Structure formats: structure tokens, C-alpha cells
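Note sheet for the following structure.
In each ligand, atom 1 is the first atom listed, and ligand 1 is the first ligand listed. Keep in mind that this is a model prediction, so the values were computed, not measured.
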Amino acid sequence: MDNDLKTSISSIYADDSEQINRYARASQHFKSIYGAVPSHIFRAPGRVNLIGEHTDYNHGYVMPVALDKDVLVFAKPRTDSKITLNNIESTYPETSFDISKSIPKVENNQWGNYARGVAQVLANSSQTQLKGFDALIVSEAPFGVPTGAGLSSSSALTVVLLKAFSYLNDYDAPISEMVTLASDAEWYLGTRGGIMDQFISLAGKQNTALFLDCRPDSSDNFQTETVTLDKDYRLLIINSGVKHQNVGGGYNYRVAACRAGVGLLQKHYPEITHLRDMETIDWESFSGLLPDISSVTELQAQGIDLTNIPTIEPETQLKVKPRCKHVWSENKRVLDAVKAIKDLDMHLLGQLMNRAHVSARDDYEISCPEIEVLITSLNKKEGVLGSRLTGAGWGGCVVALVQKEFIASVSEAVGDDYRNLTGLEPTIFPCQASDGASLVWQS
Ligand code: NG1
């Protein structure tokens, strides 16, 4: 293997020997498909969110960490505008398309549609005809980002493709524009998500979490601060193996409920645009303005705009008050968590994570029985200061704050509990914070 590539791999991953083999295997695989070696390799990481769930699309606060689990693109530019994509996992069949101003989605080709979404947003914002490339996508276990696990495999895939497309077409843009492009590309697939995942996948930093304010400032930039955990504690990630899907009902209903809350509050607080704007006002003083539950038709009759959210039907019932309560309280917990980390008060951080989980379970209703088994088990273990579901919910992963010397015993005991109580096999690993997306190597 090329020495520059080896050096680059060593600077990215804590354990580079396995990664060197991974990259070598993928290069061979690329050659066996395309008959030539790749000329460029890009990577983008998945993420775990320490605290701040479903706040990003409400212009709120989050605290994600970029993982060393990532999606790679091995690529070779073409002279025409065709994109050909293969995947190292044979369950994803080859797919190809031409870059143009109108790229239709293809039914039953979800993974290819992520590339179509990226090509579409770039084609829309570029003055020149974009050139295509042949690519191999690499995100295999245990190094890749598991799908449907709340670790943002979709954004890692979107961001690495955006890196490849933009670099190979000399399309240079500041980070805030890249975040918006990546987020728009995911909207193309139908999720009305926020910007947390794309931001951390682009701008994560080794060994730190990022406190991110998801409200763009007057220059359209996002304010961030790196935060570092006390070195005696680690984040443990446990994948329940229950897969979740954002494209569809539950996620968009939550987005709609928050938007309905803003619409109703605007009648009394005309200056607000997002739930974030209520952060300095007591919950008790405004919660009476929100209905516990209301249908889309009833809300629209009150002048609330719920257009442009896929899967929302007139009869859809939205639980406006509890959803808004979660977002309002979660923003406060993130701010308190930043302070707790700075004060080296890990016990308070653990309590805030526990409270965040209760709010996500009871007010946002995004937990599920398997996640509850993990949380209950973790809460009883020595060395665990707090735990919560991480990501969109309905399955996926739990993140726990654990005293370093208890990582091995907690992993073993929680794994046993989970297997015994659910019959499912969890995947458990300590969080290793990595840098954001990059060009790893070029020939
Ligand atoms: P995951 O967990 O990757 O599905 C989703 C959204 C985030 C954020 C979280 C909940 C996308 C791409 N990701 O993440 O923006 O809203 O849920 O905090 O929509």
C-alpha cells in the first residue's frame, strides 16, 4: 500500500492495522469491478449524540460526537456526467444515473437515492455541468456505520458523497453551505430533519464532542464549542439491533407537531420562529396555549401551515403539547450539560442524560421495549452515571456515561441481560471520537 495512504489512515484511526487491511481489500474490490485502481478515497463518520434529541430542527442545541465508524467512497473520475455506484456489501446492487437538473428518485433504490439527492442539490447550485465518477461505497461491519441504528449512517453516506462530488468537480464552499447542501439532499429523500448529523459528520473533532447551536447566525454560520469529557469517564454505545427508519411517519409527525406548536404560540408571541425562541419563558406560562392533541385539519383551520411535510394526512393526530415540552426542556438540559462538563461534574451530566431519556420516552414517545430493557439494565450497574437513547428513536442505540474502569464489566453484564430478556444480540463498543469528513488520499 502507498505510504501516504498508510500515514493518512494512521492519523485517522486509533487502531490502524485493521483499517489498513480494510482499505486494501476495498481497493482490490474496486479494481475487480472497474478494471482500474481508484484515484481518490473519501471518508465521512457517523455520530453519537450525547444529549439534545430532536432539538436540531427546532433551532436548538445538540452535543454530538463524530465516531471512528465511517462510510468510505473509493472513486475514479469520468469524463462524462454518469455516476456508477457499487457497494462492497453485495445486498446493495449496482446503480447508475446521469447528473442533470432533474434527477428522479428510483423506487426501491434507497441507497442509490442518497447519491441522486446529492447530485441533484449540487446540480441545482452549480453553474457548470458536473462530471461523474465510478465509485465503491464501503461501510461494512464492524468498521462502517450500522444502518438504522441512530448513528446517522444516512448523513455519513450523504456527506461522503457530497465530499466526493464537490472535490472531483472543484466545487468549493464554506462549511455552512456544505451542511445546507447535505441536509437538502436528505430532504430529497423525504426526511424533514435538522442539520446536526451533517454538521458533525463534516466538522467533528478527534477526542471531543461538539456543542452546536443549530440556529444559523446573521452570516448563516453555526456557532460551536468543543467540549471534552473528564478522562476518567467514557461513553459506551449499545446498539439494540432494532432498526429504525426516518423516511416516513413518526419522525415527520414530530416535526409537524413542533411546527404546529410554533404556529399556535405565534398568536401570542409574534416574534418567534422556532421552539428555541421560548427558551427564556417558563413552561407554565405558555403551555396552556397548546392542545394536548389535535388533528392536522383542526390545526389548519386555525391557520397553521403544515404544508411541505411528507406523510402528513388531514386526519393525522399531533400531540402538540408533550412534543413541545420535550423540546423546550431538552434545550435547557443541553445547556446544563455543557456547564456540568466544564465543571467536571460527571454525576450531574449522568442525571441530565437520565432526565433526557425520560422526556424522550414519555413526552416525545420515541423509545421502544428493547431500548427500555437496555436502559433498565444500565441503570442498575455499578459505574454507570447515566444513559439515554440516542438518535431519532424507535430502536437504534443507547449511549451511557460510564466510569472508565467499569467499561468491560458493564458491557458484559448489560449484554447478558439484553440477550436473556429479548433474545437479541446487542453490539457494544466504547465511543472513539474522530475527525469529520475528509479526502483520505489521492494518487
Ligand atoms: P438519526 O438518528 O440519524 O436518524 C435524526 C435526524 C437528526 C436529528 C435526530 C434526532 C436526519 C438525517 N437526522 O437522526 O437531524 O433530528 O434524528 O435528534 O434527519
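Remark: K325 does not engage E330 in a salt bridge, criterion side-chain N to carboxylate O under 4.0 Å.
Side-chain polar atoms of Y13 and D70 form a donor-acceptor pair below 3.5 angstrom. One side chain, T147 or K243, offers a donor N or O that lies under 3.5 Å from an acceptor on the other. Side-chain polar atoms of S295 and E315 form no donor-acceptor pair below 3.5 angstrom.
Close N/O approach between D197 and ligand 1 is found [any backbone or side-chain N/O within under 3.5 Å]. At a 3.5 angstrom cut-off on N or O pairs, D56 counts as close to ligand 1. In terms of polar-atom proximity, A392 is counted as a contact of ligand 1, with an N or O under 3.5 Å from an N or O of the ligand. Considering backbone and side-chain N/O of Y251, one or more are found under 3.5 Å from N/O of ligand 1.
Aromatic ring pairs are classed by plane angle as parallel below 30°, tilted from 30° to 60° and perpendicular above 60°; the pair F133 and F165 is perpendicular. Using cut-offs of 30° and 60° on the angle between ring planes, the pair H54 and Y251 is tilted.
When each atom of ligand 1 is checked for a heavy atom of Y57 under 4.0 Å away, the hits are 16 (O). Per-residue contacts place G150 under 4.0 angstrom from the following atoms of ligand 1 (heavy atoms of the residue considered): 2 (O). For ligand 1 and E186, the ligand atoms under 4.0 Å from any heavy atom of the residue are 12 (C). In summary, the atoms of ligand 1 found under 4.0 Å from a heavy atom of S152, numbered by their order in the structure, are 3 (O).
The backbone and the side chain of H54 each have at least one atom closer than 4.0 Å to an atom of ligand 1 (non-hydrogen atoms only). Contacts of S155 with ligand 1, taken as heavy-atom pairs under 4.0 Å, involve the side chain alone.
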Which pairs would a plain distance check flag for residues 208-217, meaning a side-chain donor or acceptor within less than 3.5 Å of a matching protein atom at least two apart in sequence or in another chain?
| from | atom 1 | to | atom 2 | distance (Å) |
| --- | --- | --- | --- | --- |
| T208 | OG1 | K205 | O | 3.2 |
| D213 | OD1 | R215 | N | 3.0 |
| D213 | OD1 | R276 | NH1 | 2.8 |
| D213 | OD2 | R276 | NH2 | 3.2 |
| R215 | NE | H59 | ND1 | 3.1 |
| R215 | NH1 | D277 | OD1 | 2.7 |
| R215 | NH2 | H59 | ND1 | 3.4 |
| R215 | NH2 | T273 | OG1 | 3.3 |
| R215 | NH2 | D277 | OD1 | 3.1 |
| R215 | NH2 | D277 | OD2 | 3.2 |
| D217 | OD1 | S219 | N | 2.9 |
| D217 | OD1 | D220 | N | 3.1 |
| D217 | OD1 | N221 | N | 2.8 |
| D217 | OD2 | Q223 | NE2 | 2.8 |

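The option with the heavy atom closest to atom 1 (P) of ligand 1, from among R47, E53, E330, is R47.
Partners of S287 under the side-chain contact (heavy atoms from CB on, under 4.5 Å) rule, at least two apart in sequence or in another chain, are W283.
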